[in-house]
Amino acid sequence: MAGRVIAIDGPAASGKSTVARSVASAVGFLFVSSGHFYRALAWGTVVEGIPDEKLNDWVTESPLTVEDKENTISLLLDGKDATPHLSDPEVAAKVSQIATFPCMRDFVNSRLHALAEERDLVMEGRDIGSVVFPATPWKFYLDASPEERARRRARQGDEDPIAERDRLDSTRVTAPLVIPEGSIVIDTTHLSLEQVVDAVIARLGNIEPLNP
Ligand code: DC
């Protein structure tokens, strides 16, 4: 990897996205949600009605393209922007199951690695510090109590089976959600966004963008 990667992992609704976005803007790195890649693929399988046994063939044809424009990543599925669909209830219901397939994980990881060849990144997900970029020196694991995480999701108004997603994400065979070795664990249950962002930035040391 040519660029640097700040890896932020954790379970659903632990605050990863919001924190990662704020840290990215503070240090001038590109924010990347790896969950968005799995969600875009899940959306594709829903709209195109792809059965599990055809996933390998489907993903081999590279249905998803990544656009990196104006410091924002857009995911296009056969040319259509997946962004408005990433929180659709059918996507939330299917994404963790889609993410258990090694062919899907290989596809996403190759795109994440390609991004890191070009840019400094703050990337959030489930396996960024453990599997995708295990060599990065900046690894964080955010957690919060299940009750607080359920409250946060409810406040966003999203229909999201987070307990079931947590179960699938933590028990799958390939790249399960774990606390990556060497990561800094932050319990965000009683912390404000600002406090978590400050805690992360305080642990980065003197990090300056390579590609401002
Ligand atoms: O972060 P998120 O809730 O948008 O992620 C959606 C799903 O994608 C999550 O339940 C599991 C999967 N995922 C994954 O398996 N590995 C990642 N690095 C990121 C997400």
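The analysis underlying the following values was restricted to heavy atoms, covering all of them including side chains, and did not include hydrogens, waters or symmetry mates. Each ligand, and each atom within it, is numbered from 1 in the order the structure gives. Residue numbers count from 1 along this sequence.
Shortest contact from atom 19 (C) of ligand 1 to any protein heavy atom: Ser34 OG, 3.3 Å. When hydrogens are left out, the protein atom nearest atom 4 (O) of ligand 1 is Arg39 NE, 2.7 Å; that is the closest non-hydrogen contact. Among protein heavy atoms, the minimum distance from atom 13 (N) of ligand 1 is reached at Tyr38 CD1, 3.5 Å. The closest protein non-hydrogen atom to atom 16 (N) of ligand 1 is Arg105 NH2, 2.9 Å.
Between the His36 side chain and the Ser74 main chain, no donor and acceptor come within less than 3.5 Å of each other. Judged by distance alone, with hydrogens and angles left aside, the side-chain atoms of Thr189 form a donor-acceptor pair with the main-chain N or O of Ser145 at under 3.5 Å.
Shown in contact with Arg172 at under 4.0 Å from a heavy atom are these atoms of ligand 1, numbered in order with element: 14 (C), 15 (O), 16 (N). Under a 4.0 Å criterion applied to the non-hydrogen atoms of Asp169, ligand 1 contributes the atoms 9 (C), 10 (O), 11 (C). Annotation for ligand 1: atoms under 4.0 Å from non-hydrogen atoms of Arg165 are 2 (P), 3 (O), 5 (O), 6 (C), 7 (C), 9 (C), 10 (O). Distances below 4.0 Å separate heavy atoms of Ala99 from the following atoms of ligand 1: 12 (C), 15 (O). The contact set between ligand 1 and Gly125, taken as ligand atoms under 4.0 Å from a residue heavy atom, comprises 18 (N), 19 (C).
At a 4.0 Å heavy-atom cut-off, ligand 1 does not touch Ala12 at all. Within the 4.0 Å heavy-atom criterion, both parts of Asp127, backbone and side chain, lie near ligand 1.
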When the side chains of residues 93-100 are checked against the rest of the protein, which donor-acceptor pairs come out under 3.5 Å, sequence neighbours left out?
residue, atom, partner, partner atom, Å
Lys94, NZ, Thr45, OG1, 3.0
Ser96, OG, Asp169, OD1, 2.9
Gln97, NE2, Asp52, OD2, 3.0
Thr100, OG1, Gln97, O, 2.6

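When all heavy atoms are compared, the tightest approach of Leu41 to Phe107 is CD1-CD2, 4.0 Å.
A donor atom on one side chain and an acceptor atom on the other are not found under 3.5 Å apart for Thr18 and Arg152.
When the shell of 6.0 Å around CD of Glu53 is examined, it contains more than 12 heavy atoms from other residues, nucleotides or ligands. The environment of Glu194 atom CD is sparse: at most 12 non-hydrogen atoms of other residues, nucleotides or ligands sit within 6.0 angstrom.
Ring orientation note: the planes of His85 and Trp43 are close to parallel, at an angle under 30° on the 30°/60° scale.
Cluster note: Val185 groups with Tyr141, Leu177, Ile179 through ILVMFWY side-chain heavy atoms spaced under 4.5 Å, whether in direct contact or through intervening members.
Remark: ligand 1 and Ser33 share no N or O pair separated by less than 3.5 Å (distance only, no angle test).
If you check each of Arg126, Gln97, His36 against atom 2 (P) of ligand 1, the one with the closest non-hydrogen atom is Arg126.
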